[in-house]
Amino acid sequence: MKIQSIRGVKDILPDEIWKWQYIESIVHNIFPRYGFREIRLPIFENTRLFTRSIGEATDIVEKEMYTFQDRGGDSITLRPEGTASVVRAYVEHKMYNPPSILKMFYIGPMFRYERPQAGRLRQFNQIGVEAMGSPSPIVDVEVMTMLMEFFKQLGLTDTQLQINSLGSQECRPHYREILITEIEKHLDQLCSNCTNRYQRNPLRILDCKQCGKIAEGLPKLIDHLDPASAEHFSEVQSLLDSAGTPYSVNPNLVRGLDYYNRTAFEVTSQNLGAQNAICGGGRYDTLVEELDGPSTPCFGFALGLERLVSLVPFDNAKTLQKNPDIFIVCLGDEAKTAAFQIAHELRLKGIRIERDYDAGSMKSQMRKANKTQCRFTLILGENEICSGKYLLKNMETGEQIECPAQELATEIAKFSESS
RNA sequence: GUGGGCGUAGCUCAGCUGGUAGAGCUCUCGGUUGUGGUCCGAGUGGUCGCGGGUUCAAGCCCCGUCGCUCACCCCA
């Protein structure tokens with residue numbers, strides 16, 4: 001049987017890689033303005049890193065991880081998300097010393113064993129951002145503002161920022177009790193999923209699509225925040241207002257990972273299908289400590305690159321396709337040899353050269369040239385070899401000039417400017 | 001893990017109540033000496049996902065299987 005790729009993974013082919021490179025170039029342009037530097041991390045880690053950080057009872061840990069034993073018998077997991085690795089590296093390299101805020105971003109593949117669907121893959125790429133070392137709401141807002149500015153640069157027009165507060169370790173248990181008692185009054189109206197999980201993960205019911213009606217009537221966490229979290233949340237809102245960043249408060253917004261507290265947010269788009277979140281994140285003030293580092297409040301997000309690629313209007317970025325500058329057409333053995341030499345020299349001068357290695361008829365070579373969408377064709381025939389003057393043709397205008405061999409590079413530059 | 005839809009040429013898809021396959025695009029080559037795109041002409045290309053079954057006869061009907069896709073759960 002023919003071998004094909006694993007279910008839920010995708011090849012990114014040369015014809016569309018420029019889209020990814022374009023997005024990455026915007027990342028490298030915008031993120032450093034806010035003080036973020038790139039970090040590159042391994043794509044597999046000790047399994048315990050994820051079970052401890054993400055939470056034993058989450059779906060990711062319970063059924064979605066790619067976990068295997070390596071030859072030494074250690075349990076290894078392909079990373080299902082990036083934050084755990086960043087925190088591990090932060091603690092491992094004692095990056096908290098000297099103590100100051102540290103801002104990093106990463107780009108790379110994540111792995112989750114799920115049934116693929118629109119906008120969901122088993123190997124997918126994320127851009128993640130982590131700002132580590134400050135509890136200030138200013139950090140929350142700077143990061144969210146950076147994100148929305150990033151989307152704006154990419155030309156996205158239909159993104160909605162939703163925010164919520166998940167409170168703290170102190171107020172959440174209280175609220176949880178209130179919520180469970182309230183839910184128990186409506187047990188018969190809940191979907192089967194929710195009746196099963198209301199004890200274990202009652203917050204999820206707020207977010208359930210089927211139980212939306214009941215969720216509306218349930219008590220909201222933002223009405224039961226501890227004073228410090230309430231203060232934090234209201235500062236986040238007023239800072240967003242003054243930054244002019246549009247948002248809406250969604251009291252039912254819950255995050256799937258255990259480590260979040262206080263600010264949680266999500267960016268959604270209507271043009272994505274059922275999986276409508278393009279980005280999710282929030283504050284995680286205790287994770288670093290839980291992974292044996294010093295108390296380090298953090299804020300971060302992860303955004304799905306495949307989903308982003310499907311949303312960006314790339315009309316203005318097409319010039320990033322690296323078509324050849326010149327396609328060399330040659331006729332006859334002598335010209336074929338000469339073309340080899342000329343291609344070599346022009347490439348050393350930084351010009352993108354393509355040619356036809358199998359030199360068929362002129363017509364067929366010109367057709368190939370046209371297909372590469374090169375800007376120029378350099379025509380080398382017996383006449384040109386004899387005279388030492390080559391023909392340079394502008395493929396857009398059809399205009400053609402004669403050009404002495406020695407002056408090829410400068411002529412090309414000149415011709416290139418004038419057209 | 002559960003459910004719906006779909007597997008026919010490189011791509012997008014037709015194919016009637018069963019009679020051993022078609023279109024458009026692409027590709028290749030031509031349309032008098034060495035010039036692409038547009039136009040015109042010709043040609044290449046398919047074990048109809050795979051395996052069984054029913055039938056004189058299966059792309060079409062039945063069973064199984066694999067794959068893709070969308071949705072649920074959950075999430076980027």
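Just so it is clear: chains get the letters A, B, ... in the order the sequence lines come, proteins before strands, and each one is counted from 1. Computed from a prediction, not measured in an experiment: that's the story for all the values here.
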Query raised in the report: RNA chain B: P116(A) or I60(A), which has the more 5' nearest nucleotide?
Result: P116(A)
Report task. Write down the distance between CD (Q4(A)) and P (G67(B)), rounded to a whole number of angstrom. Result -> 8 Å
Query raised in the report: Have E130(A) and T83(A) got a donor and an acceptor in their side chains that come within less than 3.5 Å?
Result: yes
Report task. Please determine if R283(A) forms a cation-pi arrangement with Y260(A), meaning its NZ or CZ atom is less than 6.0 Å from the six-membered ring centre and no more than 45° off the ring axis. Result -> no
Query raised in the report: Which comes earlier along RNA chain B counting from the 5' end, the contact point of I379(A) or that of R255(A), where each point is its nearest nucleotide?
Result: I379(A)
Query raised in the report: What stem regions, each of at least 3 consecutive Watson-Crick or G-U pairs below 3.5 Å, can be found for RNA chain B?
Result: B:1-7 with B:66-72, B:10-13 with B:22-25, B:27-31 with B:39-43, B:49-53 with B:61-65
Report task. Rounded off to whole Å, could you give me the CE-to-P distance for the M395(A) and U38(B) pair? Result -> 12 Å
Report task. Return each pair, listed once, that meets side chain to side chain donor-acceptor pair (under 3.5 Å) where at least one residue sits in residues 326-341 of chain A; pairs must be two or more places apart or across chains. Result -> none
**Report entry** P atoms of G22(B) and G34(B), separation to the nearest Å
**Finding:** 39 Å
Query raised in the report: Is there a donor and acceptor pair, one atom on the side chain of E384(A) and one on the base of G34(B), closer than 3.5 Å?
Result: yes
Query raised in the report: Hey, does R7(A) reach any base, or is it just sugar-phosphate, or nothing, if we go heavy atoms under 4.0 Å?
Result: sugar-phosphate
Requested in this report: Apply side chain to side chain donor-acceptor pair (under 3.5 Å) to E306(A) and list each qualifying residue two or more places apart in sequence or on a separate chain.
Outcome: N125(A)
Query - Polar pair under 3.5 Å, donor/acceptor by atom type, side chain Q117(A), base U69(B) - result: no
Report summary line: Applying salt bridge (Lys or Arg N to Asp or Glu O under 4.0 Å) to D292(A) and not counting sequence neighbours gives R52(A)
Query raised in the report: What's the closest nucleotide to the Q275(A) side chain, out of A71(B), C72(B), U35(B)?
Result: C72(B)
Report summary line: Sorted by chain and number, sequence neighbours left out, side chain to side chain contact (heavy atoms under 4.5 Å, CB included) with E149(A) holds for I30(A), Y34(A), K152(A), Q153(A)
Report task. Could you measure between the two C1' atoms, the one in C16(B) and the one in A21(B), and give it in whole Å? Result -> 14 Å
Query raised in the report: How close or far is atom C1' of A76(B) from atom CZ of F105(A), stated in whole angstroms?
Result: 18 Å
Report summary line: When rounded to whole Å, the CD to P distance for the pair E334(A) and G34(B) reads 17 Å
Query raised in the report: Out of C72(B), A76(B), U35(B), which has the shortest distance to the side chain of A274(A)?
Result: C72(B)
Query raised in the report: Salt-bridged, E114(A) to R122(A), with N to O below 4.0 Å?
Result: no
Query raised in the report: Between Y113(A) and Y66(A), what is the ring plane arrangement, given parallel below 30°, perpendicular above 60°, and tilted in between?
Result: perpendicular
Report task. Considering only atom P, compute the distance from G30(B) to G67(B) and round it to an integer number of Å. Result -> 45 Å
Query - Partner set under side chain to side chain contact (heavy atoms under 4.5 Å, CB included) for E290(A), not counting sequence neighbours - result: Q169(A), T286(A), L287(A)
Query raised in the report: Between G37(B) atom P and M362(A) atom CE, what is the distance in whole Å?
Result: 13 Å
Report summary line: Ranking A76(B), G34(B), C70(B) by distance to the side chain of A118(A), first place goes to C70(B)
**Report entry** Interatomic distance at C1', G7(B) relative to U28(B), whole Å
**Finding:** 29 Å
Report task. Scan L305(A) against the nucleic acid and name what it touches under 4.0 Å (heavy atoms): base, sugar-phosphate only, or nothing. Result -> nothing
Requested in this report: Could you work out the separation of A9(B) and G15(B) based on their C1' atoms and round it to a whole Å?
Outcome: 14 Å
Query raised in the report: Residues in side chain to side chain donor-acceptor pair (under 3.5 Å) with T67(A), at least two apart?
Result: T77(A)
Distances under 3.5 Å between protein N/O atoms and the N/O atoms of nucleotides 43-49 of chain B, please, pair by pair.
none

Report task. Could you name each residue pair satisfying salt bridge (Lys or Arg N to Asp or Glu O under 4.0 Å) that touches residues 23-39 of chain A, not counting sequence neighbours? Result -> E38(A)-R40(A)
Polar pairs (N or O, both sides) under 3.5 Å between protein and nucleotides 25-33 of chain B?
{"unit_1": "U28(B)", "atom_1": "OP1", "unit_2": "K371(A)", "atom_2": "NZ", "d": "3.2"}
{"unit_1": "U28(B)", "atom_1": "OP2", "unit_2": "K371(A)", "atom_2": "NZ", "d": "3.0"}

Requested in this report: Scan E81(A) against the nucleic acid and name what it touches under 4.0 Å (heavy atoms): base, sugar-phosphate only, or nothing.
Outcome: nothing
Query raised in the report: Will you find, in the side chains of N46(A) and D74(A), an N or O donor that is under 3.5 Å from an N or O acceptor?
Result: no
Requested in this report: Measure from CG on N370(A) to C1' on G36(B) and round the result to the nearest Å.
Outcome: 4 Å
Requested in this report: Please step through side-chain hydrogen bond (donor to acceptor under 3.5 Å, both in side chains) for the pair S168(A) and N261(A), ending with a clear verdict.
Outcome: CA-CA 6 Å; S168(A) 65; N261(A) 65 296; over 6 Å; no
Query raised in the report: Between G52(B) and A14(B), how far is it from one P atom to the other, in whole Å?
Result: 28 Å
**Report entry** Heavy-atom donor-acceptor pair, D325(A) side chain to R352(A) backbone, under 3.5 Å
**Finding:** yes
Query - Nucleotide-resolved protein contact map, nucleotides 2-11 of chain B, B/S/- at heavy-atom distance under 4.0 Å - result: BB--------
Query raised in the report: For the pair made of CZ in R79(A) and P in A76(B), what is the distance, rounded to whole Å?
Result: 15 Å
Report task. In whole angstrom, give the distance that lies between atom CG of L311(A) and atom P of A76(B). Result -> 16 Å
Report task. For C48(B) and C61(B), measure between their C1' atoms and round to the nearest Å. Result -> 16 Å
Report summary line: From the list Q162(A), Q160(A), R255(A), side chain to side chain donor-acceptor pair (under 3.5 Å) with E266(A) holds only for R255(A)
Requested in this report: Measure the CD-SG distance between E384(A) and C330(A) for me, rounded to the nearest 0.5 Å.
Outcome: 11.0 Å
Query raised in the report: Just wondering, are more than 12 heavy atoms of other shown residues or ligands nearer than 6.0 Å to NZ in K389(A)?
Result: no
Requested in this report: Enumerate the residues from residues 119-132 of chain A whose closest heavy atom to RNA chain B is under 4.0 Å, giving them by residue number; use none for an empty result.
Outcome: G119(A), R120(A), L121(A), F124(A), Q126(A)
Query - C27(B) versus G45(B) - spacing of their C1' atoms, nearest Å - result: 9 Å
Query raised in the report: Can the ring centres of F105(A) and F301(A) be said to be less than 6.0 Å apart?
Result: no
